Amino acid sequence: MLVAIRAATVVPHSAAEPIEDGAVLVEGSTIVAVGPWRDVAAGAAADDVVDLGAATLLPGMIDCHVHLALDPAAEGTTTASALTAAQTALLMEANAGKLLDAGVTTACDLGAPGTLATTVRDRIARGEVEGPRMLVANAPITVHGGHAHAMGGEATGVDEVRAMVRLRASEGADLVKVMTTGGFMTAGTHPWEARYSVEELAAVVETAHELGLRVTTHALGVEGIERAVAAGVDTIEHCGWVTRDGTRFDERIARAIVAGGISVSPTMNSACLPQDYFCPWDERDHVVDNLRAMHRAGIRIVAGTDAGIGLVAFERYADGLAVLADAGMAPREILAAATSLAAQVCRVSDRTGRLAPGLDADLLAVDGDPTLDHRALARPVFVMARGRRHALRPIPGLGDRAAQARRIQQTLRAGADRRP
Ligand SMILES: [Zn+2]
């Protein structure tokens, strides 16, 4: 079955010239042609034509950091879940569908209990459940009693962490997530303090790379960021420059991140918007300034949201892109962070992140021109994931969240043993 999708503008790649009156031809789950409508239409007789009118057609977006197993409405922490494994799996499948509503057709799950994430990934891949392509870490590797330990990835010492990496590989995980510092969501773990030695982290990286797995790390504090860089991780999540009482960007470490070819997924999201700001790291101006400094230093930045944590809804992916814009990233840079660059960093650029023949049919159409204004990316009008068209549901508003936001920030700061 050949489907031609026509739009007033097609942007095949974050750096590409727009194609006016363009089209993408899809056969099954694969893109077979991209170009001006007259060429695509002349080249093949499509069984079906989807005319998107004035919309802009582009590659589906990528969220480099989600937690399908968390419920944003629960205002939760990572310490305990009242759900059974079967209930959690259902929640994960529902959340996966919500990512499609945002135009996200690939997502990395960076922490779920046990092996639920690989199971849900495979159900989506088989077409039993609707959702984006999932790349999953299963349970993050963390010190005994460390951040998110309840998910099942406790390991301390070189031998234990190596064994845990091998276990992830045997589970079929796509990547390894290691908790280099404590986190705000697990009481008593101190986000500003490093949790593993460089030697332990290097053992994680070495073992994972031997097994062909990418390593990403949760690193909030400066000390942990520095150790993760020394150990040669592939990606840093958050990279919050957190100290005991605020944040402190470090130019020298930033240069080492660039020199090491390490990418950063700063997990900007709905919590970082100016209205009802509740990111617990620091004041908003400081958090945005740190992001701006990383961008200026030449660090490769990709979009990830940490969706699933309190009040960070899966459908509101574009809120994080708005924060990247506040930090000085241009619309084309934001588009790259959400598509082509993210695909490279997640090692799926041979399948998605661009519109080109042979790649998977991961398509998004939006109202407006995202090469001129990132806000267009908050207005999806058409989504197709691996050739399957998604029936879009409206993206929920932020709502009246002031009281909840304040409560979450207090919980997280208290959990981190910080001044309220
Ligand atoms: Zn996370």
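Please read all numbers here as calculations on a predicted model, not as lab measurements. Computation of the quantities below employed the complete heavy-atom set of this structure, encompassing side-chain atoms and omitting hydrogens, waters and symmetry-equivalent molecules. Each ligand, and each atom within it, is numbered from 1 in the order the structure gives.
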Colleague: Do the charged groups of D326 and R284 touch, with an N to O distance under 4.0 Å?
Modeller: yes
Colleague: Output side-chain donor-acceptor pairs under 3.5 Å for residues 257-269, partner residues at least two apart or in another chain, one line each.
Modeller:
{"residue": "S263", "atom": "OG", "partner": "R300", "partner atom": "NE", "Å": "3.0"}
{"residue": "S263", "atom": "OG", "partner": "R300", "partner atom": "NH2", "Å": "3.2"}
{"residue": "S265", "atom": "OG", "partner": "E237", "partner atom": "OE1", "Å": "3.1"}
{"residue": "T267", "atom": "OG1", "partner": "H238", "partner atom": "ND1", "Å": "2.8"}
{"residue": "N269", "atom": "OD1", "partner": "A271", "partner atom": "N", "Å": "2.9"}
{"residue": "N269", "atom": "ND2", "partner": "T267", "partner atom": "O", "Å": "3.3"}
{"residue": "N269", "atom": "ND2", "partner": "T305", "partner atom": "O", "Å": "2.7"}

Colleague: Tell me the ring pair (Phe, Tyr, Trp, His ring centres under 6.0 Å) pairs involving residues 240-266, sequence neighbours left out?
Modeller: W241-F249
Colleague: With a 4.0 Å cut-off, would you call R347 and D234 a salt bridge?
Modeller: yes
Colleague: Within a radius below 2.8 Å of the Zn ion (ligand 1), how many protein N, O or S atoms are present?
Modeller: 3
Colleague: When you check the gap from the basic side-chain N to the acidic O, do E193 and R195 get nearer than 4.0 Å?
Modeller: yes
Colleague: Compile the donor-acceptor pairs under 3.5 Å between side chains in residues 377-384 and protein atoms, sequence neighbours left out, one pair per line.
Modeller:
{"residue": "R379", "atom": "NE", "partner": "D367", "partner atom": "O", "Å": "3.0"}
{"residue": "R379", "atom": "NH2", "partner": "D367", "partner atom": "O", "Å": "2.9"}

